[in-house]
Amino acid sequence: MSDSCCGTVAVEIEQFATPQRATSGQTSNLPVVVIGGGPVGLAAAAHLAERGIDFTLLEAGDRVAASVARWGHVRVFSPYRYNIDAAARRLLEADGWTAPDSDWLPTGTELIDDYLAPLAKLFSDKVRLGAKVTAISRLGYDRVRTTGREQVPFLIRLADGTELQARAIIDASGTYTSPNVLGASGLPAHGENEVFIDHALPDVLGTDRDRYEGKRVLVVGAGHSAATTLLALAELPDTPITWAIRAGDATRTYGGGDADALPARGALGTRLRVHVESGRITLLTGFFTHRVNATDQGIQVISRDPAGHEQSVTVDQVVSATGYRPDHSIASELRLDLDPVLGSTRALAPLIDPNQHSCGTVPAHGVDELAHPEPGYYAVGVKSYGRAPTFLMATGYEQVRSVVAALAGDWEAARDVQLDLPETGVCSSNLVEAQEQRVGLATGISGGLLAAPLPLTTVGASAESGGSCCG
Ligand SMILES: Cc1cc2nc3c(=O)[nH]c(=O)nc-3n(C[C@H](O)[C@H](O)[C@H](O)COP(=O)(O)OP(=O)(O)OC[C@H]3O[C@@H](n4cnc5c(N)ncnc54)[C@H](O)[C@@H]3O)c2cc1C
């Protein structure tokens, strides 16, 4: 036994926690581990492959891009030219792949079939499916222990209990699997976990139609996902729709109508407003979800506002479209420096703040903005943005190009961050309108629904969460 400041420590435990003296060669022969096989994780793999750095990609799903697959029926509104990573393109083309039309706006399913799945195939067994990461640490080091820390490998534990080691970690595990709660204060509403609530973007005109048609449906949230779902639901006959928002009115979601700087955005809001004003959609404002009860009549959702006033609605289905948040719990034994508001790194937060930026105005950034006090761990992709809904694949691709360059020791390339987005933004309404004339929208809704990012630049501190450029 030996004494510490505040108690006696068992020698056995101390011996167990003391790592072997690290040498610089201890990690260099280990792979970089990429967590998540979505668009950004696979782009990281492409950059690692190009630079000849050994890697393993761990994907929780039974297929790559498992999260994209969950919104596979939704057509994105940035064209292919911004959705394909440069290194991935080079590798694929060298393999005989023909790039899709650069102006095409793919559905999530098309993005997987025509780009992400062929890309993953190039990496064969370096991509491990069904490999869910549950925890990351440093071999022999908890979060507190410092001396020699950066020389020891990362330790990655999977859901099946197996462990592997890595020289660095690129965490591209996204946020889609950690949606925001329904409760208005950021805490789950009472009873929220006891009833079925749809947190994804349901395919109400496709595979999920039976679950929604003819049912009373409540959609909670004021962002793009809510608007997408509401306009799709409005296509279903005999389906009463209620839309609940925290704000006192839906001005922000409606946008500026004919006077809106973005015509397609105005059109989205106008269409939603028409449905509300005609009574097709019942709008409940000042709705602060407090409790959810399963009753004989259906799911009762009760709002209690800060003054204590209550209102309630009873429905058959609830769609929670309140946005997403990052789950940093797998990295809780690492030293992270997180922005207290967004949950991104502190350096990144001002560059992506939805109070200041829309997705098209986020400046290029890379390894310096993504670095944590834990050397060698980088959260990238939509996870790196925390709760900011301003993420675009194109910015994620530049992130991983920079991070991988840094891991290769090429600091000049790592710091030469660039983002080639047109002044009009990546979400060009002209392109969407042109495509609609060709194929219509995957959602079956005509008129540019997905071309209409919501007005994030004017969002105030009390604005609804869940508004986003692209989701
Ligand atoms: C409906 C919708 C439309 C969008 N439209 C656009 C658009 O038009 N343009 C644009 O640029 N962006 C768009 N986005 C935003 C963004 O580009 C996408 O969300 C994109 O998929 C983010 O890529 P990612 O690789 O960071 O994360 P994800 O695609 O979420 O991938 C994360 C992967 O990690 C896996 N994973 C999660 N946890 C673990 C774990 N513990 N261990 C192992 N694997 C794990 C998941 O299964 C998933 O495959 C849209 C988003 C949504 C939701």
Side-chain angles (χ1 to χ4, degrees), residues 33-45 56-85 105-108 111-112 116 120 127-136 156-159 169-179 199-203 223-229 321 323-324 326-331 359-360 362 379-385 388-400 419 421 425-428 431-432 442-443 449-453 466 468-471:
V33 163
V34 179
I35 305 176
V40 179
L42 286 166
T56 299
L57 186 149
L58 304 172
E59 163 58 45
D62 57 7
R63 55 185 296 183
V64 289
S67 291
V68 174
R70 289 178 65 187
W71 50 270
H73 57 288
V74 177
R75 194 174 292 285
V76 304
F77 54 81
S78 60
Y80 256 129
R81 85 169 66 106
Y82 300 111
N83 304 337
I84 295 176
D85 171 74
L105 305 169
T107 61
L111 194 66
I112 295 172
L116 297 172
V127 173
R128 287 178 54 182
L129 301 176
K132 181 174 178 165
V133 174
T134 55
I136 316 165
I156 297 135
R157 183 172 293 174
L158 304 184
I169 292 180
I170 298 177
D171 181 355
S173 58
T175 56
Y176 203 74
T177 49
S178 47
H199 285 281
L201 275 154
D203 186 7
H224 181 263
S225 294
T228 301
T229 303
Y324 304 91
D327 178 5
H328 293 295
S329 64
I330 57 171
C359 50
V362 168
V380 299
V382 69
K383 182 170 186 173
S384 71
Y385 275 37
T390 43
F391 182 76
L392 284 175
M393 282 175 262
T395 47
Y397 297 158
E398 183 58 3
Q399 290 179 341
V400 292
L419 207 50
L421 302 179
V426 291
C427 309
S428 162
L431 280 171
V432 175
T443 52
L449 172 61
L450 298 178
S468 80
C469 298
C470 300

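For ligands, and for the atoms within them, numbers begin at 1 and follow the listed sequence.
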| request: Tell me, please: is Ile330 in heavy-atom contact with ligand 1, that is, under 4.0 Å? | output: no
| field | Derivation of the side chain to side chain contact (heavy atoms under 4.5 Å, CB included) call for Val400 and Val40 | value | CA-CA 7 Å; Val400 292; Val40 179; 3.6 Å; yes
| remark: Counting from 1 in the order shown, the ligand 1 atoms closer than 4.0 Å to a non-hydrogen atom of Ala66 are 47 (O), 49 (O)
| task | Check side chain to side chain contact (heavy atoms under 4.5 Å, CB included) between Ala65 and all other residues, then give those that pass, not counting sequence neighbours. | result | Val68, Ile112, Leu116
| message | Quick check on Ala172 - does any of its heavy atoms sit under 4.0 Å from an atom of ligand 1? | response | yes
| field | Among Ser178, Ala159, Pro39, Ser67, closest by any non-hydrogen atom to atom 20 (C) of ligand 1 | value | Pro39
| What part of Ile35, side chain, backbone, both or neither, has a heavy atom within less than 4.0 angstrom of ligand 1? | side chain
| said: If the cut-off is 4.0 Å to any non-hydrogen atom of Gly381, which atoms of ligand 1 fall inside it? | reply: 26 (O)
| Based purely on interatomic distance, does Asn83 place a nitrogen or oxygen under 3.5 Å from a nitrogen or oxygen of ligand 1? | no
| request: Report yes or no: does a heavy atom of Ala69 sit under 4.0 Å from some atom of ligand 1? | output: no
| field | Reported OG1-to-CG distance for the pair Thr228 and Leu201, which is rounded to 0.5 angstrom | value | 6.0 Å
| request: May I ask you to list the atoms of ligand 1 that are less than 4.0 angstrom from any heavy atom of Val68? | output: 21 (O), 29 (O)
| field | Atom indices of ligand 1 within 4.0 angstrom of Ala131 heavy atoms, with elements | value | 42 (N), 43 (C)
| query | What is the distance from atom CG of Leu111 to atom OH of Tyr80, rounded to the nearest 0.5 Å? | reply | 5.0 Å
| note | For Phe391, the ligand 1 atoms with a heavy-atom partner under 4.0 Å come out as 16 (C), 17 (O), 22 (C)
| Roughly how far, to the nearest 0.5 Å, is OG1 of Thr177 from OH of Tyr324? | 10.0 Å
| message | For the 3.5 Å polar cut-off, considering only N or O atoms, please tell me whether Ala60 and ligand 1 meet it. | response | yes
| task | Mark up the atoms of ligand 1 that fall under 4.0 Å of a heavy atom belonging to Lys132, in ascending order. | result | 41 (N), 42 (N)
| field | Intermediate values then yes/no, side chain to side chain contact (heavy atoms under 4.5 Å, CB included), Ile136 and Ile35 | value | CA-CA 11 Å; Ile136 316 165; Ile35 305 176; 3.7 Å; yes
| Option with minimal heavy-atom separation from atom 9 (N) of ligand 1, where the choices are Gly72, Ser78, Gly38 | Ser78
| request: Would you check, one step at a time, whether the test side chain to side chain contact (heavy atoms under 4.5 Å, CB included) holds for Thr395 with Leu419? | output: CA-CA 7 Å; Thr395 47; Leu419 207 50; 3.2 Å; yes
| Closest to atom 11 (O) of ligand 1 (judged by heavy-atom distance), picking from Arg70, Arg63, Met393 | Met393
| What do you reckon, does Val40 have a nitrogen or oxygen under 3.5 Å from a nitrogen or oxygen of ligand 1? | yes
| message | At less than 4.0 angstrom from any non-hydrogen atom of Leu58, what atoms of ligand 1 do you find? | response | 43 (C), 44 (N)
| query | In chain order, what residues pass the side chain to side chain contact (heavy atoms under 4.5 Å, CB included) check against Val382, with sequence neighbours excluded? | reply | Thr175, Phe391
| said: Any nitrogen or oxygen of Val133, side chain or backbone, less than 3.5 Å from one on ligand 1? | reply: yes
| request: Kindly indicate, with the supporting measurements, whether the criterion side chain to side chain contact (heavy atoms under 4.5 Å, CB included) is fulfilled by Thr56 and Val34. | output: CA-CA 6 Å; Thr56 299; Val34 179; over 6 Å; no
| message | Heavy atoms only: which of Thr228, Asp327, Leu201 lies closest to atom 1 (C) of ligand 1? | response | Leu201
